[in-house]
2 protein chains.
Amino acid sequence: MTAPRRRADAAENRERIIEAARAVVAGADEVRLNEIAKRAGVGQGTLYRHFPTREHLLAEVYRQDVDELVTAAPKLLAEHDPLTALTRWLARVADYAQVKRGVLAAVEAGVRRDLSAHSQGPIGDALATLLDAGKADGTVRQDVDARDVILLLGYLTRLEDGEWDGRARHLLTVILEGVRSRG
Amino acid sequence: MTAPRRRADAAENRERIIEAARAVVAGADEVRLNEIAKRAGVGQGTLYRHFPTREHLLAEVYRQDVDELVTAAPKLLAEHDPLTALTRWLARVADYAQVKRGVLAAVEAGVRRDLSAHSQGPIGDALATLLDAGKADGTVRQDVDARDVILLLGYLTRLEDGEWDGRARHLLTVILEGVRSRG
DNA sequence: ACCTGAACACCGTTCAAGT
DNA sequence: ACCTGAACACCGTTCAAGT
């Protein structure tokens with residue numbers, strides 16, 4: 001009936017795995033799970049014990065970034081009109097996607113998982129908040145939902161390296177124009 | 001100095017590979033190259049001799065479909081105003097993407113290859129023709145190009161099975177609204 | 001309970017040997 | 001010239017053995 005002393009190093013392993021994953025993700029975009037395990041100094045099985053799928057691991061790596069995006073939505077709404085808030089939020093998503101190349105893929109994977117659980121997930125909810133405000137406002141089309149916008153944002157994962165400056169922001173304005181109510 | 005008699009069965013192998021690939025692509029969406037070779041009754045090396053990359057093979061499988069899309073563009077332009085022509089062409093792309101699940105992935109892979117060869121490729125050219133007509137017409141934004149639209153169309157590859165009816169066409173109208181000149 | 005890492009499974013790719 | 005298919009490389013995943 002001793003306290004679960006072993007839990008300590010299990011938690012430490014978990015931390016080390018996330019740390020190693022972060023390093024690998026930040027470096028070359030080849031994310032090999034066995035390499036992460038090796039870097040973390042744990043067996044492959046340990047990695048799988050903590051993170052049953054690749055997506056679970058990536059979700060954890062980008063958890064902080066996703067949280068920031070989620071909490072930013074209501075803040076932006078408090079300070080700006082809905083369309084401006086949406087515009088800035090999307091710009092922030094694009095910035096994350098550019099600087100942390102894997103974040104959008106992780107977000108999309110998470111959204112996918114949430115969808116199959118019949119939930120929008122935190123990112124979907126944040127986006128829905130922005131869109132709903134715009135709908136109430138009359139500035140956003142009534143027939144557009146969070147999933148629509150997430151699907152369109154997927155272009156960010158397919159941009160070639162040299163295209164960011166020319167297209168990332170630009171396509172955001174095209175999407176916003178499409179989402180807007182007709183003037 | 002005899003005629004290259006061997007060429008005959010080489011060409012036949014090539015056909016059989018394409019045929020087998022078509023069958024596999026139409027069936028389960030797991031496209032395993034070794035399985036295609038096996039189905040075609042050829043060695044794996046033979047497959048690689050004819051198609052150096054997976055993309056080359058897929059491009060060949062969908063060549064006919066791509067050709068149809070390419071030739072449809074000028075026809076639609078001859079019969080309709082530019083915006084209507086663009087709308088119908090995009091609808092056709094979406095239909096292909098739904099019925100032949102792999103076609104858009106193949107198209108995107110082809111476009112990617114063409115891009116690195118500093119060319120737009122046939123699909124890009126067809127789309128550019130439609131967009132240019134709209135720009136001349138004043139119905140399409142001057143700052144949108146074929147690559148922009150192809151990037152946005154990528155959502156078609158990420159739709160879940162049940163989402164086609166609800167979102168495929170709908171998102172097309174959102175994109176068109178974004179591409180349009182402001183009224 | 002948790003960890004390890006050898007071993008398995010899988011699939012793309014190559015290449016020595018054949019015709 | 002072209003073809004074959006065993007073999008290699010690679011990476012995700014499992015599981016028997018250890019602590």
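A note on names: the letters A, B, ... follow the listed sequences, proteins ahead of strands, and every chain is numbered from 1. The shown structure was predicted, so the numbers you read here are calculated from the model rather than taken from an experiment.
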Once you round it to whole Å, what is the distance between [atom2] of [N] and [atom1] of [X]?
X: B/E35; N: C/dT13; atom1: CD; atom2: C1'; value: 17 Å
X: B/H56; N: C/dG12; atom1: NE2; atom2: C1'; value: 16 Å
X: B/L58; N: C/dG12; atom1: CG; atom2: P; value: 11 Å
X: B/L47; N: C/dT14; atom1: CG; atom2: P; value: 12 Å
X: B/E55; N: C/dG12; atom1: CD; atom2: P; value: 14 Å
X: B/I36; N: C/dG12; atom1: CD1; atom2: P; value: 8 Å
X: A/L33; N: D/dC10; atom1: CG; atom2: P; value: 17 Å
X: A/R16; N: C/dC2; atom1: CZ; atom2: P; value: 16 Å

Side chain of [X]: nearest nucleotide among [options]?
X: A/Q44; options: C/dT13, D/dT14, D/dG12; answer: D/dT14
X: A/R49; options: C/dC3, D/dC3, C/dT13; answer: C/dC3
X: B/R32; options: C/dC3, C/dT13, C/dC11; answer: C/dC11
X: A/N13; options: C/dG12, C/dC11, C/dC3; answer: C/dC3
X: B/A10; options: D/dC3, C/dG12, D/dT13; answer: D/dC3
X: A/Y48; options: C/dT4, D/dC3, D/dG12; answer: D/dG12

Searching all strands shown, indicate the nucleotide that pairs with D/dC11 (Watson-Crick or G-U wobble; both distances under 3.5 Å). none

Using Watson-Crick or G-U wobble geometry with both distances below 3.5 Å, tell me the partner of C/dA1, or none.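 C/dA1 is paired with D/dT19.
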
Starting from the 5' end of DNA chain D, give me the residue, A/T46 or A/V31, whose nearest nucleotide shows up first. A/V31

Between [X] and [Y], does at least one N-O distance fall below 4.0 Å, as a salt bridge requires?
X: B/R158; Y: A/E108; answer: yes
X: A/D145; Y: B/R167; answer: yes
X: A/R14; Y: A/E60; answer: yes
X: B/E177; Y: A/R182; answer: yes
X: A/K135; Y: A/D143; answer: no

For B/R54 and for B/G45, find the nucleotide of DNA chain C with the closest heavy atom, then tell me which residue's nucleotide is more 5'.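 Upstream on the strand: B/R54.
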
Nearest-nucleotide 5' precedence on DNA chain C, A/G43 against A/N34: A/G43

Short side-chain N/O contact to D/dC2 OP1/OP2 from B/H50, under 4.0 Å: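 No.
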
